[in-house]
Amino acid sequence: MLRSCAPRLRTLGALRGLTGGARPAVGDAGPALLIPQGFSANGVTGSIRLEIPSIRDWTESWSKEIRLLFDQFMKKCEDGSWKRVPSYRYISPQDSKPTKEEGQMSRARIFSRSYDDGLGFEFVMFHNDVEKRTVCFFQGGPHLQGPSGLLHGGALATMIDVTGGVTAVMTGEFVMTANLNINFKRPIPLGSVIVINSQIDKVEGRKFFVSCDVQSVDEKTLYSNATGLFISLDPEKK
Ligand SMILES: CCCCCCCCCCCC(=O)SCCNC(=O)CCNC(=O)[C@H](O)C(C)(C)COP(=O)(O)OP(=O)(O)OC[C@H]1O[C@@H](n2cnc3c(N)ncnc32)[C@H](O)[C@@H]1OP(=O)(O)O
C-alpha cells in the first residue's frame with residue numbers, strides 16, 4: 001500500500017536540520033516545506049505538507065501552562081540540543097488522476113491536525129537527536145471527550161502514536177506503526193496539559209522499538225505508559 005513511498009519519503013531525513021530557532025513574528029503564517037516528490041497510498045498520489053511552526057500555536061486556545069512549556073523548550077533550542085518538530089497538516093492529492101474518489105480525497109487532512117483551533121489536538125513537539133527522544137506537550141480540546149470531562153483514550157492513543165512515530169521519523173526514516181501497547185493508568189482531565197515523553201529503546205534493522213510515558217506537567221501523575229514498534233518501509237517491496 002504505502003511501500004512505494006519508501007525511497008521518496010527518505011527525504012524526511014532532511015527535516016532533521018530544519019527545526020528550532022526563533023518563533024516567527026506575530027501574523028507570520030510560517031514557511032512551509034512540501035516534500036518534493038509525491039507518494040502513493042491506496043492509489044492516490046500526494047504529498048505531505050510540513051509547516052515550520054507558526055503563530056497558529058499562539059491562539060487563545062493555548063493555556064498559560066502549555067505556553068510556558070513551549071517557551072522553555074524554545075530556549076533549549078537555542079544551543080541546538082533540542083529542535084522543534086515541524087508541524088504537518090495534510091496530504092494533497094494534487095497529482096492524482098481524476099477519479100470518483102478524488103472529491104473526497106481532496107479533503108484529506110492529517111487526523112491529528114484536522115480540528116479547528118482549540119477543539120481537538122493542540123500540541124507541540126521537540127526532539128533531542130543525541131538522546132533520541134521526543135517530548136510532546138499536548139492539550140486535548142473539548143471535541144476529544146470520552147467519559148464526561150475526560151480525554152478519550154483513542155485521542156491519547158493517537159498522540160502516543162504520533163509522538164512515537166515522530167521519534168522514529170526524526171532518525172531519517174519514514175515509518176509505519178506496526179504495534180502499539182498502551183497501559184491507561186489514570187484518567188486525563190479534558191483540557192489539561194500533559195507531557196508525552198518518547199524515546200527509542202532499540203533499533204533492529206528496519207524495526208524501531210519506542211517507549212512512551214504520559215505524565216502531568218508536575219510529573220506527579222503517570223497517566224499512561226506505552227511501547228510501540230515502528231517499521232521503516234522496505235524499498236524492495238513494491
Ligand atoms: C516531522 C513529522 C513527520 C511525520 C511524522 C509521522 C508520524 C506517523 C504517526 C502515525 C503513523 C500511522 O498512523 S501509520 C498507520 C497505521 N499503521 C499501518 O497502517 C501499518 C500497516 N502495516 C503495514 O503496512 C506493514 O505491516 C508494515 C509496513 C508495518 C510492515 O510490513 P513489512 O515492511 O512488509 O514488514 P515485514 O517484512 O512483514 O516485517 C519486518 C519485521 O518486522 C516484524 N513485524 C512486522 N509487523 C510486526 C508486528 N505487528 N509486531 C511485531 N513484529 C512485527 C517482522 O516479524 C519482521 O521482523 P524480522 O523478521 O525482520 O525480525
Side-chain angles (χ1 to χ4, degrees), residues 1-21 30-44 46-54 57 73 77 82-92 108-114 120-121 123-129 132-138 154-182 196 198-212 226-238:
M1 174 172 117
L2 267 173
R3 299 197 198 295
S4 56
C5 68
R8 285 165 281 186
L9 284 177
R10 288 188 199 289
T11 53
L12 274 167
L15 282 174
R16 298 173 72 209
L18 257 175
T19 51
L33 172 74
L34 196 65
I35 292 180
Q37 297 96 341
F39 66 90
S40 294
N42 261 349
V44 175
S47 309
I48 294 179
R49 181 182 172 87
L50 291 157
E51 295 183 350
I52 304 303
S54 72
D57 294 338
F73 269 73
C77 289
W82 287 83
K83 290 172 185 166
R84 187 171 173 193
V85 177
S87 181
Y88 61 104
R89 277 274 167 85
Y90 58 84
I91 297 172
S92 164
R109 293 288 180 275
I110 296 289
F111 175 43
S112 55
R113 292 295 193 189
S114 61
F121 298 92
F123 65 92
V124 61
M125 289 188 197
F126 295 88
H127 180 78
N128 187 310
D129 252 358
K132 299 203 182 320
R133 73 183 178 102
T134 304
V135 61
C136 172
F137 303 119
F138 167 56
L156 180 61
T158 296
M159 287 312 304
I160 290 173
D161 189 16
V162 173
T163 309
V166 161
T167 309
V169 163
M170 292 302 281
T171 66
E173 299 285 334
F174 188 80
V175 296
M176 294 282 280
T177 315
N179 180 270
L180 266 187
N181 285 297
I182 303 175
I196 305 170
S198 165
Q199 64 179 37
I200 295 182
D201 294 333
K202 192 171 57 168
V203 181
E204 279 177 4
R206 294 190 288 125
K207 297 188 284 189
F208 294 78
F209 295 86
V210 170
S211 59
C212 281
T227 55
L229 172 63
F230 297 86
I231 300 183
S232 67
L233 301 180
D234 183 351
E236 303 304 315
K237 292 184 181 174
K238 300 285 178 194

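Read the numbers this way: they start at 1 and go in the same order the structure lists the ligands and their atoms. The figures here come from the full heavy-atom set of this structure, side chains too, leaving out hydrogens, waters and symmetry mates.
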Sub-3.5 Å N/O-N/O distance, Ala178 and ligand 1: yes
Worked check of ring pair (Phe, Tyr, Trp, His ring centres under 6.0 Å) between Phe121 and Phe111: CA-CA 9 Å; Phe121 298 92; Phe111 175 43; 5.4 Å; yes
Set of side-chain hydrogen bond (donor to acceptor under 3.5 Å, both in side chains) partners for Ser198, sequence neighbours left out: Thr167
Sub-3.5 Å N/O-N/O distance, Arg206 and ligand 1: yes
Closest candidate by heavy atom, reference atom 9 (C) of ligand 1, pool Asp161, Asp234, Thr158, Val169: Asp161
Pairing residues for Asp201 by the side-chain hydrogen bond (donor to acceptor under 3.5 Å, both in side chains) criterion, not counting sequence neighbours: Gln199, Ser211
Gap between atom CD1 of Ile196 and atom CG of Leu156 - 0.5 Å precision: 6.0 Å
Which segment of Thr177 sits under 4.0 Å of ligand 1 when only heavy atoms are counted: both
Per-atom contacts of ligand 1 with Lys207, taking only distances under 4.0 Å to non-hydrogen atoms: 41 (C), 42 (O), 43 (C), 57 (O), 58 (P), 61 (O)
Closest candidate by heavy atom, reference atom 51 (C) of ligand 1, pool Leu233, Asn179, Leu229: Leu229
Side chain proximity check, Phe126 to Cys136, heavy atoms < 4.5 angstrom: no
Ring-ring centroid check Phe73 Phe137, cutoff 6.0 Å: yes
Where ligand 1 meets Val166 - atom numbers and elements under 4.0 angstrom, heavy-atom basis: 5 (C)
Atoms in ligand 1 flagged as close to Met176, the criterion being non-hydrogen separation under 4.0 Å: 14 (S), 18 (C), 19 (O), 20 (C)
Location of contacts on Glu204 toward ligand 1, heavy atoms closer than 4.0 Å: neither
Phe208 and its side chain to side chain contact (heavy atoms under 4.5 Å, CB included) partner, picked from Val175, Ile231, Val169: Val175
